[in-house]
Amino acid sequence: EPEVTQTPSHQVTQMGQEVILRCVPISNHLYFYWYRQILGQKVEFLVSFYNNEISEKSEIFDDQFSVERPDGSNFTLKIRSTKLEDSAMYFCASSVDLGSAYGYTFGSGTRLTVV
Amino acid sequence: DAKTTQPNSMESNEEEPVHLPCNHSTISGTDYIHWYRQLPSQGPEYVIHGLTSNVNNRMASLAIAEDRKSSTLILHRATLRDAAVYYCILRVGAGSYQLTFGKGTKLSVIP
């Protein structure tokens with residue numbers, strides 16, 4: 001079954017450093033998303049991306065965050081200057097279409113630890 | 001997304017059926033009912049969705065009340081691998097990109 005692949009599985013970074021989290025969505029999917037889950041808390045929406053631009057973003061997705069689809073297969077989330085509170089699991093997801101009749105496929109996540 | 005209410009936790013014996021309830025009394029006519037689950041240390045996993053009629057797939061069945069104010073996810077034979085947090089989510093009509101996750105129901109499966 002097709003999968004969403006995320007790398008690395010775990011990243012440790014120092015506060016103030018830039019990190020890039022990488023995702024390879026399912027090949028025929030057109031919509032891409034990032035979610036995060038702080039330990040013990042709910043899964044939260046960050047951003048959605050379609051046709052090489054951001055479609056929707058949450059309040060969490062401030063100027064420190066950016067997304068990019070640098071080639072035909074990768075989808076990245078960059079955090080410019082990490083803070084301790086950015087420590088969380090970050091999940092990439094993709095869907096074939098936007099409509100509410102379609103499910104999302106999530107990756108296994110990247111655990112980001114900011115020290 | 002409209003609000004849903006689920007029990008915090010449930011238990012089931014292995015190989016028994018499990019009925020996971022969800023209330024969504026403020027659902028509107030175009031809202032789809034989606035279920036996802038999250039196994040420990042994994043990303044959310046799509047389970048099933050429906051609009052008005054009951055739905056079956058290889059993972060589960062979804063029973064939707066006639067007034068659509070509640071639904072039930074049915075796992076026909078619980079296995080240890082089904083131990084997870086199950087989320088009931090309403091997807092509004094076109095134009096909504098995000099899934100709004102609540103706390104879900106933590107299902108424990110007893111061997």
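Chain letters run A, B, ... following the sequence lines, proteins first, then strands; residues in each count from 1.
- For the residue pair B:Tyr86/B:Gln6, the side-chain donor-acceptor check at 3.5 Å is not satisfied.
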Q. Hey, mind stepping through B:Phe101 and A:Phe45 against ring pair (Phe, Tyr, Trp, His ring centres under 6.0 Å) and telling me if it holds?
A. CA-CA 9 Å; B:Phe101 287 83; A:Phe45 169 77; over 10 Å; no
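- Taking the six-membered ring for Trp and thresholds of 30 and 60 degrees, A:Phe65 and A:Tyr90 have ring planes inclined between 30 and 60 degrees apart.
- Between A:Met15 and A:Lys83 the shortest heavy-atom distance is CG-CA, 4.2 Å.
- The closest side-chain donor-acceptor pair between A:His10 and A:Thr110, if any, does not fall under 3.5 angstrom.
- Taking the six-membered ring for Trp and thresholds of 30 and 60 degrees, A:Tyr33 and A:Tyr104 have nearly parallel ring planes, at less than 30 degrees apart.
- Proximity to chain B is absent for every atom of A:Glu44, based on heavy atoms less than 4.5 angstrom apart.
- Heavy-atom pairs under 4.5 Å with chain B peak, among A:Lys42, A:Gln41, A:Met89, at A:Lys42.
- Side-chain contact check for B:Ser61 and B:His76: at least one donor-acceptor pair (N or O, by modelled atom type) lies under 3.5 Å.
- Proximity to chain B at a heavy-atom threshold of 4.5 Å picks out nothing from residues 70-78 of chain A.
- Both the backbone and the side chain of A:Ser108 come within less than 4.5 Å of a heavy atom of chain B.
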